[in-house]
Amino acid sequence: MARPTGYWVLLCVALFWLAGRAGLIAHTPFWVLAALVGVTYAASKLAHALVPSPARGVRLWVRVGVEMTGITAILYALGWGPTLGVGYLFGTVDNLEDDGWAVSAPAIVWSLAGITFGQLAIATGVAPTIIDPPLVHGLAALCAVAVAGTIRFLGWETREKERAQGEVERRERWFRALVQHASDIILVVGADGLIEFASPAFDVVFGVPGSSVVGVPLLELAHHDDLAAARVIQGTEERPGVVNRVQLRLSVPGGAFKWFDAGVTNLRADSAVRGTVVNLRDITERRRFEEKLRHQAFHDALTQLPNRRAFVDRVERSLSRATRAGERIAVMFLDVDRFKLFNDNLGHDVGDHLLMEVAQRLQTCIRPNDVVARFGGDEFTLLVDQLASVEDATNTAERILEALRVPVVAAGRELSVTTSIGISVSGNAGANAADLLREADLAMYVAKQKGRARWELFDAALAPRVTQRMEAEADLLRAVQQGELTVHYQPEMSLADGSVVALEALVRWDDPRRGLVMPNEFLPLADESSLIVAIDRLVLRTACLDGQRWLHEHGEGAPRVAVNLSSRFLHQPEAVDEIAAALEDSGLEAAFLQVEVTEHCTIADERTIAETLGRMRQLGVRVAIDDFGTGYASLDGLKRLPVDAVKLDHSFVEGMETAASHAAVIHAVIAMAHALGLRVTAEGVERAEQVVVLRSLGCDSAQGVHLSRTLAPPAVDALLQPADVTDLHPRRDTAS
């Protein structure tokens with residue numbers, strides 16, 4: 001229905017006649033349909049004649065309105081009404097091509113108006129309809145939305161196309177202006193090598209008139225390292241008419257050298273020139289950019305040290321030279337100790353600052369021929385070239401350790417940064433860079449296992465043990481992915497009546513090869529390899545599901561489930577959201593979940609942890625400080641933390657029944673905690689006598705092997721049966 005032609009009118013009339021004969025349209029008299037088509041055709045032609053493209057404002061609205069009115073009349077006369085709303089799109093598309101995106105607004109308005117009046121006509125019986133009400137009105141609503149949305153999209157697409165075309169035209173004008181006003185330098189050099197002509201562009205590029213170099217030998221302008229390239233200009237006699245390309249640096253006296261791409265053509269045989277034509281294109285910026293890219297390709301962006309690629313290449317070259325000369329080299333692999341702790345707790349800005357400071361200190365520890373590189377993350381590598389003895393490498397390692405003993409100041413605090421260093425010395429004729437790096441990496445793992453902040457020489461006898469550790473990391477990753485981790489629970493008993501008040505979730509690894517693996521064997525490894533977050537997530541969700549089951553079975557008397565969350569988990573931006581999702585997915589009430597964080601975690605970054613714990617408590621989750629007394633935190637510091645309970649570390653409990661000082665300290669902690677409104681739980685209760693003392697000191701609850709060992713969920717089910725009451729009185733046989 002877009003801008004009809006005579007052939008279109010005849011075709012429509014014929015189609016309407018056939019459709020009427022076949023009963024496919026409403027019983028509108030054929031002459032009415034033919035008249036509507038004719039009037040629409042004439043009105044469209046007249047509208048376009050009176051309001052030619054491009055049009056804007058009221059004129060455009062009127063012209064579009066004329067076309068949309070005709071389309072509406074034809075659509076509703078056919079009896080199909082809104083189902084033929086695509087006709088509005090035909091009318092819109094043709095106008096969009098001529099008048100642009102401005103057509104979309106009037107097209108939408110007139111289309112919606114047409115549908116509205118068409119439906120009123122159907123409702124009042126003025127217009128026929130093949131589709132019975134109210135279906136036809138529902139279809140009209142859908143059609144209105146579809147037509148408006150489609151026209152809006154077409155308008156947006158047209159506007160973006162117009163913008164793109166405008167941008168292309170603008171850029172074409174811009175480039176045309178550049179071509180017209182910025183030409184290359186053209187020089188004509190005589191057979192004697194003297195410059196005979198310099199184009200006006202010489203003034204712009206060099207800042208001096210071109211006439212100042214006429215009669216000057218071209219070689220005098222060339223950089224001394226590029227004289228060979230400059231002589232190409234004088235050696236073109238044998239290839240007249242052929243363009244020779246060279247790159248060289250040129251300068252005028254007192255000016256800076258610039259890089260040029262020179263196209264040299266021997267036109268000495270041309271009577272109009274009688275010289276060598278040199279077209280100079282200034283590529284100084286391009287050369288700088290290429291140098292920058294080359295630097296970036298072989299250097300680390302943060303520290304500006306050589307990167308892994310550059311380091312490996314340098315080691316290969318040094319190793320090849322050393323092999324020919326009968327010398328040795330050493331490769332060091334360095335890993336910043338506890339870097340992830342700094343990065344996670346203090347932020348990436350502090351982490352970046354630490355890495356840059358380490359890089360600078362490493363550079364002060366090497367000899368001129370040595371190379372230090374950033375291998376990736378918090379790992380650095382170092383090449384000690386031309387070794388006189390192994391002591392050259394170990395002395396360098398000692399200098400590095402000494403340089404890092406001075407604390408790094410970052411984020412307003414002093415941070416003690418250390419590194420573990422592995423050293424590999426070349427010896428085998430067939431060794432390559434990859435072998436040396438692998439050996440140094442293995443030695444570095446040994447240094448970490450021996451306590452960090454030290455260096456170790458590669459020892460082939462220790463390599464299998466390190467490899468086993470790396471394999472253990474891979475096994476742990478598999479365990480997380482394949483569901484080999486299970487959750488057991490250690491009950492927390494009330495010291496008042498022996499009831500189970502909480503169940504602390506503890507993870508176990510059911511390894512198909514090694515059997516049940518205790519957490520102290522794999523959690524430190526998980527923390528170092530960042531798998532701890534995935535493990536925390538698994539324990540959290542499993543505990544919530546089990547807690548909901550016990551809540552359903554035992555009602556409000558069911559114990560809470562307690563989940564220990566690591567520092568890495570808590571420092572995730574989405575940590576609280578994950579807890580909320582676990583509660584929602586399991587259906588567990590928030591009051592029946594207790595999150596436990598270690599005292600060390602709260603000390604490391606009190607502000608961030610306090611904010612996270614506060615958001616948890618807003619969910620209704622209880623919060624407890626675990627292992628209290630091991631991190632030098634004070635009870636006064638607990639005032640600033642939104643917590644509900646304190647769990648005394650087992651080191652407080654051990655020996656308190658015989659040492660009065662231990663009992664006095666515990667009594668003071670319990671009294672102060674109660675004054676702050678906190679419950680106190682004693683961990684590691686192993687003897688009945690400890691229960692008696694703790695009860696006398698006012699401790700609220702306790703957990704340990706004397707009260708109950710760690711239980712699998714079925715054993716917890718049995719423990720929670722009403723008949724099971726834990727006897728807290730002293731007894732000789734203790735659980736293990």
Side-chain angles (χ1 to χ4, degrees), residues 166-301 304-306 310:
E167 180 65 15
V168 169
E169 292 174 357
R170 186 189 69 80
R171 288 185 173 272
E172 287 179 351
R173 292 194 301 270
W174 182 50
F175 283 115
R176 191 178 299 114
L178 290 178
V179 171
Q180 291 174 351
H181 297 92
S183 15
D184 295 342
I185 298 174
I186 300 176
L187 300 179
V188 178
V189 181
D192 55 1
L194 301 180
I195 298 174
E196 298 179 349
F197 170 80
S199 67
F202 193 96
D203 306 15
V204 177
V205 175
F206 286 103
V208 297
S211 58
S212 65
V213 296
V214 173
V216 176
L218 179 64
L219 292 179
E220 290 188 8
L221 305 183
H223 193 279
H224 61 84
D225 291 337
D226 299 332
L227 292 178
R231 291 191 178 97
V232 172
I233 298 173
Q234 295 180 315
T236 57
E237 291 86 352
E238 297 179 359
R239 304 180 64 190
V242 177
V243 178
N244 297 273
R245 304 212 71 87
V246 295
Q247 290 187 359
L248 75 167
R249 284 162 288 183
L250 298 173
S251 176
V252 295
F257 280 98
K258 295 177 179 290
W259 275 99
F260 292 93
D261 179 57
V264 184
T265 308
N266 181 2
L267 296 179
R268 294 173 188 171
D270 189 329
S271 58
V273 180
R274 297 190 181 279
T276 300
V277 177
V278 183
N279 288 275
L280 297 174
R281 176 167 298 172
D282 187 352
I283 59 169
T284 305
E285 289 301 320
R286 191 181 83 188
R287 291 287 298 220
R288 289 175 181 168
F289 184 66
E290 290 173 352
E291 290 295 331
K292 182 178 179 181
L293 289 180
R294 275 194 290 269
H295 184 274
Q296 291 176 346
F298 292 97
H299 289 78
D300 172 57
Q304 296 305 307
L305 293 177

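Quick caveat, the model's predicted, so the values are computed rather than measured.
The CZ atom of R249 lies 14.0 Å from the CG atom of L221; values are rounded to the nearest 0.5 Å. Taking CD1 from I195 and OG from S211, the interatomic distance works out to 11.5 Å, rounded to the nearest 0.5 Å. A distance of 9.0 Å separates CG of D225 from CZ of F257, quoted to the nearest 0.5 Å. Note that OG1 of T265 and CG of L267 are 5.5 Å apart. Values are rounded to the nearest 0.5 Å. Remark: L250 CG to L219 CG distance equals 10.0 Å, nearest 0.5 Å.
Without hydrogens or angle criteria, D184 side chain to N279 main chain gives no donor-acceptor distance under 3.5 Å.
Ion pairing between a basic and an acidic side chain is recognised when a charged N comes within 4.0 Å of a carboxylate O; R288 and E285 show such pairing.
Between V264 and T276 there is a side-chain heavy-atom pair separated by less than 4.5 Å. Between H299 and L305 there is no side-chain heavy-atom pair separated by less than 4.5 Å. The closest side-chain heavy-atom distance from V213 to F206 is not below 4.5 Å. Between L187 and E196, every side-chain heavy-atom pair lies at or beyond the 4.5 Å cut-off. Side chains of L248 and H223 form no contact here, defined as non-hydrogen atoms less than 4.5 Å apart.
With F197 as the fixed residue, the side chain to side chain contact (heavy atoms under 4.5 Å, CB included) test singles out one of V188, V214, V277: V188. Only one option out of L280, T284, V278, D226 pairs with F260 in a side chain to side chain contact (heavy atoms under 4.5 Å, CB included); it is L280.
The environment of CZ in R287 is crowded: more than 12 heavy-atom neighbours from other residues, nucleotides or ligands sit within 6.0 Å.
Considering all non-hydrogen atoms of both residues, A256 and S251 come closest at O-OG, 3.3 Å.
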